[in-house]
Amino acid sequence: MRYISTRGEAPALGFEDVLLTGLATDGGLYVPESLPHFSLEEIRSWRGLSYSELAFKVMHPFVDDAVPADDFRKMLDETYSVFTHQAVAPLVQLDTNEWVMELFRGPTLAFKDFALQLLGRLLDYVLEKRKQHVVIMGATSGDTGSAAIEGCRRCEHVDIFILHPHQRVSEVQRRQMTTVQGDNIHNIAVRGNFDDCQRMVKESFGNQSFLGGKTQLAAVNSINWARIMAQIVYYFHASLALGGPDRSMAFSVPTGNFGDIFAGYLAKKMGLPISQLVIATNRNDILHRFMSGNKYEQHQLEHTLSPSMDIMVSSNFERLLFDLHGRDGLAVKTLLENAAKGPVSIEDYRWKHARKLFDSDAVDDKATCDTIREIYEQNEYLLDPHTAIGVRAARNCRRDQAVPMITLGTAHPAKFPDAVAESGLSVKPPLPAHMADLFEREERYTVLDNNIAGVQEFIAKHWKNA
Ligand SMILES: *Cc1c(COP(=O)(O)O)cnc(C)c1O
């Protein structure tokens, strides 16, 4: 399988190189040159497969000969055995034909584990083969950092440095990162804000000379293709559990960077009958504004009760724009260069096509809390604020009651106790058993000044073979 850039100028790459590369050299994102397509008959024959067997069927065409079939099967068995539910992604029923798919049974209690548990293993496998080492450098405001650290903790050929803004992430989120012990795990608390952390990461990728040519940086943010790939699987999993592919499904997806919902769009293109995809955003609603008015325009960041969806632009949306423009990379390049300067629109027929593919809704904090309370009162089932946004959007946008509506449950409510409290409920969501001692575990992190030279010096000194 070959991968091409959404901006049309960077060279095509194979899976291994795409895994190790962040942005393409032309500033674009990598996408498969063509998608595998499965017939209904083939999908039907997957009924009854375990999650990891199904993951093999869906993903092996993308990975190809980078990982031979037997090794890939073994890797997937290991990856999905760390989840704490036998079904890996269990479905919980909310109402007639309405479901939540719980994607938070992994080590850090959010859906990012599905991709990052696999990504760590894939990286180590490919690096072992190539006798190479990489340094992962990333900035986090919460969820991504812990999932990336958990995903890389057993890697032999990877050192991971995660920057978080000192005293500006929640205690649960900080502890999920800093209590993971391992010689290759390095947490840096920067005396600055999230943007400062992100800027240091960006600049370091641009000029890696501080590593002395002895290793190279790798990215694990949601622009990494392997993360999208891993997220396609659970759409097939949910559908097969509810009578697919002989009936079609609707999905509602709490969305920030457009990674998770883009995976649903790909599942549909690969042959899974999906009749509705709902983009559910919080008040940071650039996608909803585009879908309702064909205007793509950056607004100020708003802090909400669903912080993992607090974004100003949606990085993976570029991958959809590429398809909407008939895969014309230069058109995408021009559009996004203009978008950096001010609002942009796309041709009307292209926008109408986007509206056929997706519905959308923006849900504010009050409606989020109302939904948490309503679902708890109806079912004694507690939603986290991100999932609540998905459920609310699903109910607002639903087109056909006969089609099962599945909201992606992106995080465990214990990660976001403030939102539960704000919804007026007196229940406190407990941490699951395997994390119950989180507040007693030993923490390890280094506080550094908001100064890129100091951070780079720390990294150069502390990676494995430095
Ligand atoms: C990352 C995240 C999201 C947003 O996912 P995208 O792929 O960026 O759209 C939603 N909910 C939770 C809990 C997350 O951690």
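The figures that follow rest on heavy atoms only: side chains count, while hydrogens, waters and symmetry mates do not. Counting starts at 1 for both ligands and their atoms, in listed order.
Atoms of ligand 1 found under 4.0 Å from any heavy atom of Asp143 (numbered from 1 in listed order, with element): 13 (C), 14 (C), 15 (O). In summary, the atoms of ligand 1 found under 4.0 Å from a heavy atom of Ala411, numbered by their order in the structure, are 13 (C). Here is the list of ligand 1 atoms found below 4.0 Å of a heavy atom in Thr255: 9 (O).
Close N/O approach between Gly259 and ligand 1 is found [any backbone or side-chain N/O within under 3.5 Å]. Considering both main-chain and side-chain atoms, Thr410 comes within under 3.5 Å of ligand 1 through a nitrogen or oxygen pair. Inclusion of Pro254 in the set of residues having an N or O under 3.5 Å from an N or O of ligand 1 is not warranted. The distance criterion of under 3.5 Å between nitrogen or oxygen atoms is not met by Asp384 with respect to ligand 1. For a threshold of 3.5 Å applied to N or O pairs, the pair formed by His386 and ligand 1 contains no separation below that value.
Note: Phe56 and His60 have parallel aromatic rings, judged against thresholds of 30 and 60 degrees for the angle between ring planes. Taking the six-membered ring where the residue is Trp, Tyr235 and Phe251 present perpendicular rings, their angle passing 60° and hence far from 30°. Taking the six-membered ring where the residue is Trp, Phe114 and Phe83 present tilted rings, their angle falling between 30° and 60°. By the 30° and 60° cut-offs, the orientation of the rings of Tyr296 relative to Phe290 is perpendicular.
A salt bridge is defined here as a Lys NZ or Arg NE, NH1 or NH2 lying under 4.0 Å from an Asp or Glu carboxylate O, and Glu171 with Arg175 meets this definition.
At the top of the distance list for atom 9 (O) of ligand 1, counting protein heavy atoms only, stands Gly256 N, 2.8 Å. Nearest to atom 10 (C) of ligand 1 among the protein's heavy atoms is Met309 CG, 3.7 Å. In this structure, atom 5 (O) of ligand 1 lies nearest to the protein heavy atom Phe111 CZ, 3.5 Å. Counting protein heavy atoms only, atom 7 (O) of ligand 1 is closest to Asp260 N, 3.0 Å. Protein heavy atom nearest atom 1 (C) of ligand 1, with residue, atom name and distance: Lys112 NZ, 1.4 Å. Residue, atom and distance of the protein heavy atom nearest to atom 8 (O) of ligand 1 are Asn257 N, 2.8 Å.
In this structure a side-chain-to-backbone donor-acceptor pair under 3.5 Å is missing from Glu78 to Met75. With Arg319 contributing its side chain and Ile223 its backbone, the two residues share a donor-acceptor pair below 3.5 Å.
When ring centroids are compared, Phe62 and Trp225 come within the 6.0 Å threshold.
Between the side chains of Asp364 and Asn282, not a single donor N or O lies within less than 3.5 Å of an accepting N or O.
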